[in-house]
Amino acid sequence: MTETQALPPTSESELLSRCKAIEGKSIAALAGDLGIMVPDDPLKRKGLTGSLIEKALGTTAGTQAKPDFDKLGIELKTMPLGPNGKPCESTFVTSIQLLTVHQETWEGSSCYAKLKRVLWVPVEGDRVIPYHQRRIGQGFLWSANAVDMAILKNDWEMLTFMLASGKLEALDASMGEYLQVRPKAANSRALCYGFGEQGNKVLTLPRGFYLRAGFTGNIIQQYGLNQ
DNA sequence: AAGTGATCATAA
DNA sequence: TTATGATCACTT
């Protein structure tokens, strides 16, 4: 049971060639190569696909709030694809520090740091395909075009304003065109502090920014290449 | 079927 | 507790 961790890639082309090396592999094959067991219980393998691909490609950020390939400024995201070839889930971007987001700017935010350049790795996500058999697709590097970047910025500024001005109860996942804010917690009892209506601190669920599946679906269509 | 809110595993 | 990796599961 030897676990291996690739060294960090030093260029985009090196990163892409590593993607090519795992393209077409099944989850079981990749896990086998890395010496990692795959649980049979779906609840015990949430996030496993992403972790396996991280290990294979050589991410460096670990548990830090930074892009996965820190030196290259690239964030790795898997994109589970349903039977229709479209993403079947939203994409978690970053957790939110509710008490300090109001001090941030879009360009200085961890959300922007992670979204400015993303390595998307499509993976079969159709629930009818046994998890072990699901194949890894063709990874590709992406940056938002000017129009999409403006929409992301607008979403972020609107959502951040809600958080900063104590509108926690009015803020829900229906807000934002590309970005949304949703709970990101161990469970509904794991609370943290945020701002209430009067600018006071109140206990609330931790939140994170997510990309809507509709948006990531547009991305993969533009870049064209799924399995 | 989609969309939103809740949850699971693990590291530091 | 907060960060990482997300997907599960209930509501609409």
Side-chain angles (χ1 to χ4, degrees), chain A residues 3 5 27 30-31 34 36-70 74-101 109-111 113-115 118-132 134 136 139 155 159 162 168-194 201 203-218:
Chain A
E3 283 197 17
Q5 162 76 50
I27 296 291
L30 182 59
L34 295 168
I36 294 173
M37 300 303 297
V38 179
D40 290 322
D41 181 355
L43 296 181
K44 295 192 184 305
R45 60 190 189 212
K46 287 188 186 182
L48 179 59
T49 305
S51 299
L52 292 174
I53 294 176
E54 279 192 335
K55 265 205 159 38
L57 299 181
T59 58
T60 51
T63 180
Q64 302 175 82
K66 300 198 289 191
D68 293 297
F69 305 101
D70 196 15
I74 295 171
E75 174 72 7
L76 169 66
K77 291 295 176 198
T78 58
M79 189 190 286
L81 300 181
N84 48 16
K86 294 189 299 184
C88 49
E89 289 288 352
S90 57
T91 300
F92 172 72
V93 179
T94 190
S95 52
I96 303 174
Q97 299 174 45
L98 293 177
L99 295 179
T100 54
V101 267
S109 69
S110 63
C111 193
K114 295 191 180 192
L115 291 181
V118 177
L119 174 68
W120 293 102
V121 180
V123 180
E124 286 180 324
D126 188 345
R127 300 263 238 284
V128 310
I129 306 173
Y131 183 80
H132 293 73
R134 295 179 195 171
I136 295 160
D155 282 347
L159 294 166
M162 297 286 291
L168 284 169
E169 297 189 12
L171 174 57
D172 66 39
S174 70
M175 308 183 74
E177 187 174 346
Y178 291 167
L179 276 175
Q180 62 182 173
V181 170
R182 304 221 305 277
K184 171 65 165 139
N187 56 62
S188 59
R189 280 82 61 194
L191 305 177
C192 69
Y193 284 103
K201 288 194 213 172
L203 281 172
T204 190
L205 284 171
R207 318 294 168 96
F209 286 111
Y210 293 76
L211 290 176
R212 295 182 181 281
F215 177 55
T216 58
N218 292 340

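Letters A, B, ... mirror the listed sequences (proteins, then strands); counts begin at 1.
As judged by a 4.0 angstrom heavy-atom cut-off over every strand, Thr78(A) is placed among residues touching the sugar-phosphate backbone only. As judged by a 4.0 angstrom heavy-atom cut-off over every strand, Gly50(A) is placed among residues touching the sugar-phosphate backbone only. Residue Ser174(A) is in sugar-phosphate contact alone, with no base atom involved, counting any heavy-atom pair closer than 4.0 Å across all strands shown. Contacts of Pro206(A) with the nucleic acid, taken as non-hydrogen atoms under 4.0 Å apart, are absent. The residue Arg189(A) sits close only to the backbone: its heavy atoms come under 4.0 Å of sugar-phosphate atoms, none of a base. Looking at heavy-atom distances under 4.0 Å, Ala185(A) makes contact with a base. Nucleic acid contact class of Lys114(A) (heavy atoms, under 4.0 Å, all strands): sugar-phosphate only. Nucleic acid contact class of Leu48(A) (heavy atoms, under 4.0 Å, all strands): none. Within 4.0 Å (heavy atoms only), Arg212(A) reaches sugar-phosphate atoms of the nucleic acid but no base atom. Tyr210(A) comes within 4.0 angstrom of a nucleotide base, judged by non-hydrogen atoms across all strands. Across all strands, Leu191(A) comes closer than 4.0 Å only to sugar-phosphate atoms, never to a base (heavy-atom distances).
The nearest heavy atom of DNA chain B to Arg45(A) and to Glu89(A) marks one nucleotide each, and the one closer to the 5' end goes with Glu89(A). Between Ser90(A) and Ala186(A), the residue anchored nearer the 5' end of DNA chain B, judged by the nucleotide with its closest heavy atom, is Ser90(A). With the nearest nucleotide of DNA chain C identified for both Pro42(A) and Glu75(A), Glu75(A) has the one nearer the 5' end.
For Lys77(A), counting side-chain heavy atoms from C-beta on, the closest listed nucleotide (dG5(C), dA9(C), dA9(B)) is dG5(C). Proximity note for Phe92(A) (side chain, C-beta onward) versus dC8(C), dG5(C), dG5(B): the nearest is dG5(C). With dG5(C), dT2(C), dT7(B) as the choices, the nucleotide that has an atom nearest any side-chain atom of Asn187(A) turns out to be dT7(B). In the set dT2(C), dG5(C), dT7(B), the nucleotide with an atom closest to the side chain of Glu54(A) is dG5(C).
Leu171(A) has its CG atom 12 Å from the P atom of dT4(B), to the nearest Å. In this structure, Lys184(A) atom NZ and dT10(B) atom C1' are separated by 11 Å, rounded to whole Å. At whole-Å resolution of the value, CZ in Arg207(A) and C1' in dT4(B) are 12 Å apart. In this structure, the CG atom of Asp70(A) is 15 Å from the C1' atom of dA3(C), given to the nearest Å. The distance from atom CG of Leu205(A) to atom P of dA3(C) is 14 Å, rounded to the nearest whole Å. Distance, Lys46(A) NZ to dA9(C) P: 7 Å, rounded to whole Å. Here dT7(C) presents its C1' atom at 12 Å from CG of Asp41(A), a figure rounded to the nearest Å. Between the CG atom of Asp68(A) and the C1' atom of dT4(C) there is a distance of 9 Å, given to the nearest Å.
The two residues Leu179(A) and Arg212(A) have their closest heavy-atom pair at O-NE, 4.4 Å.
Listed for the Gln180(A) side chain is no donor-acceptor partner under 3.5 Å among the backbone atoms of Met175(A).
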